[in-house]
Amino acid sequence: MSAEMSAANDVIVTAVSGYEPKHMAAWYNSLKATGYRGRTVAVAYNVSEALVDYMKHMGSLVITFDHDAGKKRYSYSQLREEIADHTDGGKLYTDRRWTWNKRVLRFKDKIYDRRFFHASHLVKQHLDALGEPVRFVAFSDARDVIFQSDPFAWMEENLAPGKDLLIGEESITHEDPWNRRNVLKTYGRHAYDRVARVPVCCAGYFAGRYEAMMDFMLAVYYFDQTKRSGDQAAFNQLLTFCGWKEKAEKVNWQVPWLLHAVSANVGPDAPGFCMPRETVPVFEDGLVKTFDKQPYAIVHQYDRNKEMTAYFLEKFGKVE
(Lines give C-alpha, C1' and ligand atoms only; values in the text may rest on other atoms or scores of the structure.)
Protein backbone atom coordinates (compact mmCIF):
# COMPACT_ATOMS: atom_id res chain seq x y z
CA MET A 1 0.00 0.00 0.00
CA SER A 2 1.07 3.54 -0.68
CA ALA A 3 2.84 5.55 1.98
CA GLU A 4 0.41 8.35 1.17
CA MET A 5 -2.51 6.39 2.60
CA SER A 6 -4.12 8.19 5.52
CA ALA A 7 -6.89 7.88 8.08
CA ALA A 8 -9.41 8.23 5.25
CA ASN A 9 -8.44 4.67 4.32
CA ASP A 10 -9.25 3.24 7.75
CA VAL A 11 -12.35 1.21 8.61
CA ILE A 12 -14.13 0.36 11.86
CA VAL A 13 -16.38 -2.70 11.71
CA THR A 14 -19.09 -3.48 14.23
CA ALA A 15 -21.92 -6.02 14.49
CA VAL A 16 -25.34 -5.43 16.04
CA SER A 17 -28.39 -7.47 16.93
CA GLY A 18 -31.44 -6.45 18.96
CA TYR A 19 -30.29 -2.86 19.38
CA GLU A 20 -32.12 0.38 18.69
CA PRO A 21 -30.65 3.82 17.87
CA LYS A 22 -30.38 4.73 21.56
CA HIS A 23 -27.96 1.85 22.09
CA MET A 24 -25.65 3.09 19.30
CA ALA A 25 -25.73 6.84 19.89
CA ALA A 26 -22.72 7.03 22.22
CA TRP A 27 -20.62 4.95 19.82
CA TYR A 28 -21.41 7.15 16.82
CA ASN A 29 -21.43 10.51 18.57
CA SER A 30 -18.16 9.96 20.41
CA LEU A 31 -16.50 8.77 17.22
CA LYS A 32 -17.77 11.80 15.32
CA ALA A 33 -16.43 14.11 18.03
CA THR A 34 -12.89 12.78 17.45
CA GLY A 35 -12.88 14.05 13.86
CA TYR A 36 -12.49 10.50 12.51
CA ARG A 37 -12.54 10.57 8.68
CA GLY A 38 -12.59 6.88 7.82
CA ARG A 39 -15.42 4.46 7.14
CA THR A 40 -17.67 2.59 9.52
CA VAL A 41 -19.30 -0.69 8.52
CA ALA A 42 -22.10 -2.36 10.50
CA VAL A 43 -23.22 -5.97 10.12
CA ALA A 44 -26.87 -5.94 11.23
CA TYR A 45 -28.63 -9.17 12.23
CA ASN A 46 -32.02 -9.04 13.98
CA VAL A 47 -32.75 -5.33 13.99
CA SER A 48 -35.41 -2.74 13.18
CA GLU A 49 -35.60 -0.60 10.07
CA ALA A 50 -35.20 2.36 12.43
CA LEU A 51 -31.75 1.18 13.51
CA VAL A 52 -30.61 0.50 9.94
CA ASP A 53 -31.83 3.93 8.84
CA TYR A 54 -30.07 5.55 11.79
CA MET A 55 -26.76 3.83 11.09
CA LYS A 56 -26.94 4.84 7.44
CA HIS A 57 -27.76 8.39 8.53
CA MET A 58 -24.62 8.31 10.67
CA GLY A 59 -22.58 7.39 7.61
CA SER A 60 -22.18 3.63 7.94
CA LEU A 61 -22.17 1.06 5.21
CA VAL A 62 -24.78 -1.36 6.60
CA ILE A 63 -24.90 -5.06 5.71
CA THR A 64 -28.31 -6.66 6.32
CA PHE A 65 -29.93 -10.03 5.66
CA ASP A 66 -33.66 -10.82 5.36
CA HIS A 67 -36.07 -7.88 5.25
CA ASP A 68 -39.72 -8.03 6.36
CA ALA A 69 -41.31 -4.79 5.18
CA GLY A 70 -44.54 -5.57 7.05
CA LYS A 71 -42.79 -5.90 10.39
CA LYS A 72 -40.26 -3.17 9.50
CA ARG A 73 -37.46 -5.44 10.60
CA TYR A 74 -34.44 -7.30 9.30
CA SER A 75 -33.62 -10.82 10.46
CA TYR A 76 -30.91 -13.42 10.10
CA SER A 77 -31.01 -17.22 10.03
CA GLN A 78 -27.73 -18.95 10.68
CA LEU A 79 -29.33 -22.31 9.87
CA ARG A 80 -30.36 -21.08 6.43
CA GLU A 81 -26.92 -19.65 5.75
CA GLU A 82 -25.13 -22.78 6.98
CA ILE A 83 -27.27 -25.03 4.77
CA ALA A 84 -26.61 -22.88 1.72
CA ASP A 85 -22.89 -22.81 2.54
CA HIS A 86 -22.70 -26.61 2.76
CA THR A 87 -24.80 -27.41 -0.32
CA ASP A 88 -23.11 -28.28 -3.60
CA GLY A 89 -24.87 -29.56 -6.69
CA GLY A 90 -28.09 -30.02 -4.77
CA LYS A 91 -26.43 -32.18 -2.10
CA LEU A 92 -25.99 -31.10 1.52
CA TYR A 93 -22.54 -31.92 2.90
CA THR A 94 -22.52 -32.05 6.69
CA ASP A 95 -20.85 -34.00 9.42
CA ARG A 96 -23.62 -35.68 11.41
CA ARG A 97 -21.79 -34.79 14.61
CA TRP A 98 -22.12 -31.07 13.95
CA THR A 99 -24.15 -29.24 16.56
CA TRP A 100 -25.97 -27.04 14.07
CA ASN A 101 -27.21 -30.03 12.09
CA LYS A 102 -29.04 -31.60 15.01
CA ARG A 103 -29.48 -29.03 17.76
CA VAL A 104 -30.37 -25.82 16.01
CA LEU A 105 -31.52 -23.94 19.09
CA ARG A 106 -28.14 -24.35 20.74
CA PHE A 107 -26.33 -22.02 18.43
CA LYS A 108 -28.80 -19.92 16.48
CA ASP A 109 -28.42 -16.84 18.65
CA LYS A 110 -24.63 -16.96 18.98
CA ILE A 111 -24.04 -13.84 16.97
CA TYR A 112 -20.90 -13.17 18.99
CA ASP A 113 -19.33 -16.12 17.12
CA ARG A 114 -20.81 -15.61 13.68
CA ARG A 115 -20.00 -11.89 13.63
CA PHE A 116 -16.33 -12.62 12.98
CA PHE A 117 -17.22 -14.67 9.91
CA HIS A 118 -19.22 -11.81 8.45
CA ALA A 119 -16.81 -9.10 9.65
CA SER A 120 -14.19 -10.85 7.55
CA HIS A 121 -15.94 -12.53 4.62
CA LEU A 122 -18.85 -10.17 3.89
CA VAL A 123 -17.15 -6.94 4.88
CA LYS A 124 -14.14 -7.76 2.71
CA GLN A 125 -16.44 -8.40 -0.25
CA HIS A 126 -18.11 -5.02 0.20
CA LEU A 127 -14.88 -3.10 0.74
CA ASP A 128 -13.15 -4.74 -2.21
CA ALA A 129 -16.17 -3.93 -4.41
CA LEU A 130 -15.75 -0.25 -3.54
CA GLY A 131 -12.26 -0.38 -5.01
CA GLU A 132 -10.78 1.74 -2.25
CA PRO A 133 -7.43 0.81 -0.69
CA VAL A 134 -7.68 0.11 3.03
CA ARG A 135 -4.91 0.73 5.54
CA PHE A 136 -6.13 -0.24 9.02
CA VAL A 137 -9.25 -2.09 10.19
CA ALA A 138 -10.65 -2.25 13.73
CA PHE A 139 -13.34 -4.54 15.03
CA SER A 140 -15.41 -2.88 17.73
CA ASP A 141 -18.23 -3.83 20.05
CA ALA A 142 -20.96 -1.22 19.69
CA ARG A 143 -23.02 -0.59 22.81
CA ASP A 144 -20.17 -0.43 25.33
CA VAL A 145 -17.44 1.42 23.40
CA ILE A 146 -16.76 5.16 23.29
CA PHE A 147 -13.98 7.03 21.53
CA GLN A 148 -11.93 9.86 23.04
CA SER A 149 -9.61 10.53 20.07
CA ASP A 150 -8.94 9.16 16.58
CA PRO A 151 -8.77 5.39 17.16
CA PHE A 152 -6.02 4.85 14.58
CA ALA A 153 -3.66 7.72 15.42
CA TRP A 154 -1.73 5.77 18.08
CA MET A 155 -1.49 2.76 15.74
CA GLU A 156 -0.13 4.92 12.96
CA GLU A 157 2.66 6.17 15.19
CA ASN A 158 3.45 3.01 17.15
CA LEU A 159 2.59 -0.20 15.26
CA ALA A 160 5.96 -1.59 14.17
CA PRO A 161 6.48 -2.47 10.48
CA GLY A 162 6.78 -6.18 11.33
CA LYS A 163 3.52 -6.26 13.30
CA ASP A 164 0.08 -6.66 11.71
CA LEU A 165 -2.30 -6.83 14.69
CA LEU A 166 -2.76 -4.58 17.73
CA ILE A 167 -4.34 -6.35 20.69
CA GLY A 168 -5.35 -4.92 24.07
CA GLU A 169 -4.71 -6.87 27.26
CA GLU A 170 -6.97 -6.84 30.29
CA SER A 171 -5.62 -6.49 33.81
CA ILE A 172 -6.34 -10.13 34.66
CA THR A 173 -4.73 -13.38 33.59
CA HIS A 174 -6.56 -16.56 32.66
CA GLU A 175 -6.39 -17.51 36.33
CA ASP A 176 -9.47 -15.30 36.63
CA PRO A 177 -12.33 -17.77 37.39
CA TRP A 178 -14.56 -16.86 34.44
CA ASN A 179 -11.74 -17.04 31.89
CA ARG A 180 -10.37 -20.24 33.44
CA ARG A 181 -13.76 -21.95 33.18
CA ASN A 182 -14.26 -20.70 29.63
CA VAL A 183 -10.97 -22.15 28.36
CA LEU A 184 -11.37 -25.45 30.21
CA LYS A 185 -14.93 -25.86 28.91
CA THR A 186 -14.00 -25.01 25.36
CA TYR A 187 -10.63 -26.66 24.79
CA GLY A 188 -9.50 -28.39 27.97
CA ARG A 189 -6.50 -28.51 30.29
CA HIS A 190 -3.78 -28.43 27.65
CA ALA A 191 -5.17 -25.25 26.13
CA TYR A 192 -5.54 -23.69 29.56
CA ASP A 193 -1.90 -24.41 30.34
CA ARG A 194 -0.93 -22.42 27.22
CA VAL A 195 -2.52 -19.26 28.60
CA ALA A 196 -2.85 -19.77 32.37
CA ARG A 197 -0.56 -16.98 33.50
CA VAL A 198 -0.95 -14.82 30.39
CA PRO A 199 -3.08 -11.63 30.55
CA VAL A 200 -6.48 -12.04 28.90
CA CYS A 201 -6.82 -10.42 25.50
CA CYS A 202 -10.35 -9.13 24.94
CA ALA A 203 -12.12 -9.65 21.61
CA GLY A 204 -14.40 -6.64 22.14
CA TYR A 205 -11.99 -4.28 20.38
CA PHE A 206 -8.85 -4.98 18.37
CA ALA A 207 -7.29 -3.67 15.19
CA GLY A 208 -4.63 -4.22 12.57
CA ARG A 209 -3.61 -4.00 8.96
CA TYR A 210 -6.39 -4.79 6.49
CA GLU A 211 -5.46 -8.21 5.08
CA ALA A 212 -4.16 -9.52 8.39
CA MET A 213 -7.30 -8.42 10.24
CA MET A 214 -9.58 -10.09 7.70
CA ASP A 215 -7.65 -13.36 7.97
CA PHE A 216 -7.42 -13.21 11.76
CA MET A 217 -11.15 -12.65 12.26
CA LEU A 218 -11.94 -15.53 9.93
CA ALA A 219 -9.44 -17.74 11.77
CA VAL A 220 -11.07 -16.89 15.11
CA TYR A 221 -14.43 -17.95 13.71
CA TYR A 222 -13.18 -21.21 12.18
CA PHE A 223 -11.20 -22.07 15.31
CA ASP A 224 -14.29 -21.59 17.46
CA GLN A 225 -16.82 -23.04 15.00
CA THR A 226 -16.84 -26.66 16.17
CA LYS A 227 -16.90 -25.76 19.86
CA ARG A 228 -19.44 -22.91 19.97
CA SER A 229 -18.35 -21.97 23.45
CA GLY A 230 -17.11 -18.47 22.90
CA ASP A 231 -15.06 -16.22 20.70
CA GLN A 232 -12.70 -15.11 23.46
CA ALA A 233 -11.29 -18.57 24.13
CA ALA A 234 -10.52 -19.00 20.41
CA PHE A 235 -9.15 -15.46 20.19
CA ASN A 236 -6.65 -16.03 22.99
CA GLN A 237 -5.62 -19.50 21.85
CA LEU A 238 -4.79 -18.30 18.33
CA LEU A 239 -2.49 -15.68 19.79
CA THR A 240 -0.35 -18.45 21.34
CA PHE A 241 0.44 -19.97 17.93
CA CYS A 242 3.59 -19.18 15.98
CA GLY A 243 2.60 -16.91 13.13
CA TRP A 244 -0.17 -15.02 14.87
CA LYS A 245 1.94 -14.58 17.99
CA GLU A 246 4.81 -12.97 16.11
CA LYS A 247 2.52 -10.71 14.10
CA ALA A 248 0.54 -9.39 17.09
CA GLU A 249 1.59 -6.42 19.19
CA LYS A 250 0.03 -6.63 22.65
CA VAL A 251 -0.42 -3.50 24.74
CA ASN A 252 -1.96 -3.05 28.16
CA TRP A 253 -3.72 -0.35 30.20
CA GLN A 254 -0.49 1.62 30.64
CA VAL A 255 -0.58 2.61 26.94
CA PRO A 256 -3.01 5.38 25.86
CA TRP A 257 -4.62 3.38 23.06
CA LEU A 258 -7.31 1.14 24.55
CA LEU A 259 -8.75 0.39 27.98
CA HIS A 260 -10.87 -2.67 28.67
CA ALA A 261 -12.51 -1.09 31.69
CA VAL A 262 -14.22 -4.11 33.22
CA SER A 263 -11.07 -5.71 34.54
CA ALA A 264 -9.93 -2.36 35.94
CA ASN A 265 -12.84 -2.71 38.37
CA VAL A 266 -11.64 -6.10 39.62
CA GLY A 267 -10.19 -5.96 43.12
CA PRO A 268 -6.45 -6.56 43.66
CA ASP A 269 -7.18 -9.67 45.72
CA ALA A 270 -9.04 -11.39 42.88
CA PRO A 271 -7.37 -14.45 41.30
CA GLY A 272 -5.33 -13.46 38.28
CA PHE A 273 -5.34 -9.71 38.92
CA CYS A 274 -2.12 -8.31 37.45
CA MET A 275 -2.46 -4.52 37.51
CA PRO A 276 0.10 -2.90 39.81
CA ARG A 277 -1.53 -0.34 42.08
CA GLU A 278 0.61 2.49 40.71
CA THR A 279 -0.67 1.86 37.15
CA VAL A 280 -4.44 2.06 37.80
CA PRO A 281 -6.29 4.20 35.19
CA VAL A 282 -8.08 7.36 36.30
CA PHE A 283 -11.32 9.08 35.28
CA GLU A 284 -11.09 12.83 35.71
CA ASP A 285 -12.20 15.98 33.89
CA GLY A 286 -14.48 13.89 31.69
CA LEU A 287 -11.67 11.71 30.33
CA VAL A 288 -10.51 8.17 31.03
CA LYS A 289 -6.73 8.29 31.33
CA THR A 290 -3.68 6.16 31.98
CA PHE A 291 -2.02 6.39 35.37
CA ASP A 292 0.26 9.11 33.97
CA LYS A 293 -2.73 11.16 32.74
CA GLN A 294 -2.72 10.32 29.01
CA PRO A 295 -6.28 9.95 27.63
CA TYR A 296 -7.11 6.61 26.04
CA ALA A 297 -8.23 6.73 22.41
CA ILE A 298 -10.82 3.99 23.02
CA VAL A 299 -12.66 2.94 26.16
CA HIS A 300 -14.35 -0.46 26.03
CA GLN A 301 -16.82 -1.56 28.72
CA TYR A 302 -17.27 1.96 30.08
CA ASP A 303 -20.76 0.84 31.09
CA ARG A 304 -19.28 -1.33 33.87
CA ASN A 305 -18.48 1.89 35.76
CA LYS A 306 -21.43 3.95 37.04
CA GLU A 307 -19.61 7.27 36.94
CA MET A 308 -18.37 6.74 33.39
CA THR A 309 -21.77 5.53 32.23
CA ALA A 310 -23.62 8.56 33.57
CA TYR A 311 -21.10 10.99 32.10
CA PHE A 312 -20.74 9.47 28.63
CA LEU A 313 -24.44 8.83 28.11
CA GLU A 314 -25.18 12.43 29.06
CA LYS A 315 -22.47 13.71 26.71
CA PHE A 316 -22.90 11.33 23.77
CA GLY A 317 -26.10 9.37 24.30
CA LYS A 318 -28.60 11.54 22.39
CA VAL A 319 -29.90 10.22 19.06
CA GLU A 320 -29.40 12.82 16.34
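Only a predicted model underlies this, so the values are computations on that prediction, with no experimental measurement involved. For the numbers below, each heavy atom of this structure counts, side chains included, while hydrogens, waters and symmetry mates do not.
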For Ala203 against Gln232, the heavy-atom pair lying closest together: N-OE1, 3.3 Å

For the side chain of Thr14 and the backbone of Ser140, is there at least one donor-acceptor N/O pair under 3.5 Å apart? yes

Looking at residues at least two apart in the chain, or sitting in another chain, which of them share a side chain to side chain contact (heavy atoms under 4.5 Å, CB included) with Asp292? Thr290, Gln294

Is Val200 reachable from Trp253 through a run of I, L, V, M, F, W or Y residues, each pair having side-chain heavy atoms under 4.5 Å apart? yes

Check whether any side-chain heavy atom of Lys185 sits under 4.5 Å from a side-chain heavy atom of Tyr192, and report yes or no. no

Interatomic distance, CZ@Phe235 vs CZ@Phe206, rounded to 0.5 Å, equals 5.0 Å

Do Val280 and Phe291 come within less than 4.5 Å of each other through their side chains, counting heavy atoms only? no

Distance-minimising heavy-atom pair for Leu31 and Thr34: O-OG1, 2.6 Å

Decide yes or no for Lys250 and Val198: does some side-chain heavy atom of the first lie under 4.5 Å from some side-chain heavy atom of the second? yes

So does Arg115 get a backbone contact from the side chain of His118, meaning a donor-acceptor N/O pair under 3.5 Å? no

Do you reckon Leu122 sits in the same ILVMFWY cluster as Met214, going by side-chain contacts under 4.5 Å, direct or chained? yes

Under 3.5 Å, is there a donor-acceptor pair between the side chain of Trp257 and the main chain of Pro151? yes

Aromatic ring proximity Phe116/Phe139, centre distance under 6.0 Å: yes

For Asp144, what residues pass the side chain to side chain contact (heavy atoms under 4.5 Å, CB included) criterion, not counting sequence neighbours? Asp141, His300, Gln301, Asp303

If hydrophobic clusters are built by linking Ile, Leu, Val, Met, Phe, Trp and Tyr wherever their side-chain heavy atoms come under 4.5 Å apart, do Leu238 and Leu184 end up in the same one? no

How many angstroms lie between CZ in Phe216 and CG in Leu239, if you round to the nearest 0.5 Å? 4.0 Å

Is there a side-chain hydrogen bond (donor to acceptor under 3.5 Å, both in side chains) between Tyr28 and Ser60? Walk through the geometry before answering. CA-CA 10 Å; Tyr28 277 113; Ser60 286; 2.6 Å; yes

Whether the side chain of Glu157 engages the backbone of Trp154 through a donor-acceptor N/O pair (distance < 3.5 Å, no angle test) should be reported. no

Quick one: pull up NZ in Lys247 and SG in Cys242 and give me the separation to the nearest 0.5 Å. 13.0 Å

For the CE atom of Met55 and the OH atom of Tyr19, what is their distance to the nearest 0.5 Å? 11.5 Å

If I take atom OG from residue Ser48 and atom NZ from residue Lys71, how far apart are they, to the nearest 0.5 angstrom? 14.0 Å

Is any side-chain heavy atom of Lys124 less than 4.5 Å from a side-chain heavy atom of Tyr210? yes

So do Asn9 and Glu132 actually touch side chain to side chain, heavy atoms under 4.5 Å? no

Suppose we call two aromatic rings close when their centres sit under 6.0 Å apart. Are Phe147 and Trp27 close by that rule? yes

For Thr186 and Asn182, indicate whether the former's side chain and the latter's backbone hold a donor-acceptor pair under 3.5 Å. yes

So do the side chains of Asp150 and Glu156 get within less than 4.5 Å of each other, counting heavy atoms only? no

With side chain to side chain contact (heavy atoms under 4.5 Å, CB included) as the criterion, how do Leu166 and Phe136 come out once you've worked through the C-alpha distance, each side chain's angles and the decisive distance to 0.1 Å? CA-CA 10 Å; Leu166 187 59; Phe136 295 137; over 6 Å; no

Any side-chain heavy atom of Met155 sitting closer than 4.5 Å to one from Asp10? no

Can you list every pair that meets salt bridge (charged side-chain N to carboxylate O under 4.0 Å, His left out) and has a residue in residues 310-320, with sequence neighbours left out? Lys32-Glu320, Glu314-Lys318

Residue pairs meeting salt bridge (charged side-chain N to carboxylate O under 4.0 Å, His left out), one or both in residues 201-210, sequence neighbours left out, come to Asp164-Arg209

Let's go through Met213 and Val13 carefully: what are the C-alpha distance in whole Å and the side-chain angles of both, what is the deciding distance for side chain to side chain contact (heavy atoms under 4.5 Å, CB included) to 0.1 Å, and is it a yes or a no? CA-CA 11 Å; Met213 272 292 288; Val13 180; over 6 Å; no

Find out whether Phe65 and Ser75 are in side-chain contact, i.e. whether some heavy atom of one side chain is under 4.5 Å from a heavy atom of the other. no

Hphob cluster co-occupancy, Tyr302 + Tyr311, side-chain heavy atoms under 4.5 angstrom: yes

So which heavy atom on Val288 is nearest to which on Leu259, and how close? CG1-CD2, 3.6 Å

What residue pairs, at least two apart or across chains, pass salt bridge (charged side-chain N to carboxylate O under 4.0 Å, His left out) with a residue in residues 234-243? none

Are the side chain of Asn252 and the backbone N or O of Gln254 linked by a donor-acceptor pair below 3.5 Å? yes

Is the centre of the Phe283 ring less than 6.0 Å from the centre of the Phe312 ring? yes

For residues Ile298 and Leu287: do they belong to one hydrophobic cluster (side chain heavy atoms under 4.5 Å, members Ile, Leu, Val, Met, Phe, Trp, Tyr)? no

Distance-minimising heavy-atom pair for Cys201 and Glu169: SG-CG, 4.1 Å

Not counting sequence neighbours, list each pair that qualifies as a side-chain hydrogen bond (donor to acceptor under 3.5 Å, both in side chains) and has a residue in residues 193-208. Arg194-Thr240

Is it true that Tyr221 and Phe117 have ring centroids separated by less than 6.0 Å? yes

What's the verdict on side chain to side chain contact (heavy atoms under 4.5 Å, CB included) for Asn236 and Val183, showing C-alpha distance, side-chain angles and the deciding distance? CA-CA 9 Å; Asn236 280 269; Val183 177; over 6 Å; no

Minimum heavy-atom distance Thr173-Ala196, with the two atoms named: OG1-O, 3.7 Å

Hey, could you give me the NE2/NE2 distance between His121 and His126, rounded to the nearest 0.5 Å? 10.0 Å

Does Ala25 offer a backbone N or O that forms a donor-acceptor pair with the side chain of Asn29 under 3.5 Å? yes

Heavy-atom pair of closest approach, residues Leu165 and Leu159: O-CD1, 4.0 Å

Determine, step by step, whether Arg114 and Tyr76 satisfy the side-chain hydrogen bond (donor to acceptor under 3.5 Å, both in side chains) criterion, reporting the C-alpha distance in whole Å, the side-chain angles of both residues, the deciding distance to 0.1 Å, and the verdict. CA-CA 11 Å; Arg114 196 66 170 167; Tyr76 167 71; 3.0 Å; yes

Might you work through the side chain to side chain contact (heavy atoms under 4.5 Å, CB included) test for Leu258 and Val251, ending with a clear yes or no? CA-CA 8 Å; Leu258 166 67; Val251 297; 5.8 Å; no

Gln148 side chain to Tyr296 main-chain N or O, any donor-acceptor pair under 3.5 Å? yes

